[in-house]
Protein chains: 2
Amino acid sequence: MSEQTQQNKELLKNVGLKITEPRLTILALMQDNRDVLQHFSAEDIYKLLLEQQSEVGLATVYRVLNQFEEVGILTRHLFDSNKAVFELNYNHQHDHIICKDCGKVFEFKDAEIERRQKEISQKHGIELEKHSLYLYGTCSDLSSCDNKEK
Amino acid sequence: MSEQTQQNKELLKNVGLKITEPRLTILALMQDNRDVLQHFSAEDIYKLLLEQQSEVGLATVYRVLNQFEEVGILTRHLFDSNKAVFELNYNHQHDHIICKDCGKVFEFKDAEIERRQKEISQKHGIELEKHSLYLYGTCSDLSSCDNKEK
DNA sequence: GTGGCTGCAAAACATTTGCACCTGT
DNA sequence: ACAGGTGCAAATGTTTTGCAGCCAC
């Protein structure tokens, strides 16, 4: 068994979830594909599972993703579409910049913005728990924009 | 005819939409209720229409809201729930602070955050078009928190 | 007159749930 | 053994669409 699998088993145990084949498969799938895809919809994952002959139902994908979010293994984003996308939580939380033309996503983290967010919340009498920040725009350099040519 | 209605007719004409009864009704409804409700779901509006005996179908509500968003009369927000809420655009764009316990929403606008957003986008080669920023937390002063007691 | 608008019902989607069976501990 | 997990199909909730008739321009 790979070292990655071993780590994932411990991860599941640590967060109090049983070590089952669908959960390990989904976890590995997201880790293995993180270079090509940072943000997965439930459907994305389901299709990837089908491709690799995994017999995991779509309902299970949703259930597992929800559980993973609850225990902090991943984060749910809403972006502008109607469906949720999920992203593995590595060490750090971050915000996103999305090109509306090509769908490219950059990540960033800005201490100044976060400091202001905290100040503003306090001024309004709110104890800040989390925030969601997305910047939408278009690639300035058109040649580097993989425009999907809609 | 009220002055408000007159203004709304010109607004519709200016954005290139025909002046129809459903559109005027929905527009007036959102304006008249803006003190009690800043953010309307399609269902909210539909129910309010029913209450005032307006014979407007739910499909029309959705179509009108979408058109209003396209021409900039209102803004669609996704917040954390599964359904969209809409807000009339007055002069200024702003961001939101939401109390997760009582659902209270504050609005704010911060020049410093917006300046940083622009800088960060440029640094990543993106021409910033719009952003979405929501701060989630809980009322620090519990006595002022209208906790829905779920 | 006619192209856009509307209401209704049906369809489309993403997501959740009920249930009988299976599996990890 | 048994609580929790799973697959499937059916249900849910929101939003969209097809279509026949209607209305603003």
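Within every chain, numbering begins at 1; the chains are lettered A, B, ... in the order of the sequence lines, protein sequences first and strands thereafter. Only heavy atoms go into these numbers, but all of them, side chains included; no hydrogens, no water, no symmetry mates.
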Could you give the CZ-to-C1' distance, from F86(B) to dT14(D), as a whole number of Å?
11 Å
How would you label the contact of K83(B) with the nucleic acid (heavy atoms, under 4.0 Å): base, sugar-phosphate, or nothing?
sugar-phosphate
Check every strand shown and say whether E55(B) touches a base, only sugar-phosphate, or nothing at a heavy-atom separation below 4.0 Å.
sugar-phosphate
For T20(A) and dT6(D), is the shortest distance between a side-chain N/O and OP1 or OP2 below 4.0 Å?
yes
Integer-rounded Å distance: dG5(D) P and I26(A) CD1
13 Å
Y62(A), nearest nucleotide to its side chain (from dG7(D), dT16(C), dG4(C)):
dT16(C)
Expressed as a whole number of angstroms, how long is the span from N8(B):CG to dA24(D):P?
17 Å
Run the salt-bridge test on R116(A) and E119(A) with the 4.0 Å N-O cut-off and return the result as yes or no.
yes
Tested for side-chain hydrogen bond (donor to acceptor under 3.5 Å, both in side chains) against N8(A), the lone hit among E3(A), R23(A), Q31(A) is Q31(A)
Nearest nucleotide by nearest heavy atom, which residue falls closer to the 5' end of DNA chain D, I19(B) or L58(B)?
L58(B)
Round to a whole Å and report the spacing from CD1 of I45(B) to C1' of dT14(D).
15 Å
Just compare dC5(C), dT16(D), dC8(D) and give me whichever is closest to any side-chain atom of A59(B).
dT16(D)
Rounded to the Å, how far apart are K47(B) NZ and dG13(D) C1'?
12 Å
What is the separation between atom CD on Q53(B) and atom P on dG7(C), rounded to the nearest whole Å?
15 Å
By nearest atom, which of the nucleotides dT6(C), dG7(D), dT16(D) is closest to the N66(B) side chain?
dT16(D)
Please state how far atom CD in E21(B) lies from atom P in dA24(D), giving the value in whole angstrom units.
9 Å
Regarding E114(A) and K109(A), does a basic nitrogen lie under 4.0 Å from an acidic carboxylate oxygen?
yes
Looking only at the side chain of T60(B) (C-beta and beyond, no hydrogens), which of the listed nucleotides dG7(C), dA3(D), dC25(D) gets closest?
dG7(C)
Minimum-distance pair of heavy atoms, taken over all atoms of Y134(B) and L78(B)
OH-N, 4.0 Å
Could you please name the option among dG5(D), dT14(D), dG18(C) that lies closest to any side-chain atom of R63(A)?
dG18(C)
Are OP1 or OP2 of dG24(C) and a side-chain N or O of R23(A) less than 4.0 angstrom apart?
no
Using whole Å, report how far CD of E43(A) lies from P of dT16(C).
14 Å
Going through the checks in order, is the salt bridge (charged side-chain N to carboxylate O under 4.0 Å, His left out) test met by K130(A) and D80(B)?
CA-CA 11 Å; K130(A) 58 166 267 199; D80(B) 250 6; 3.1 Å; yes
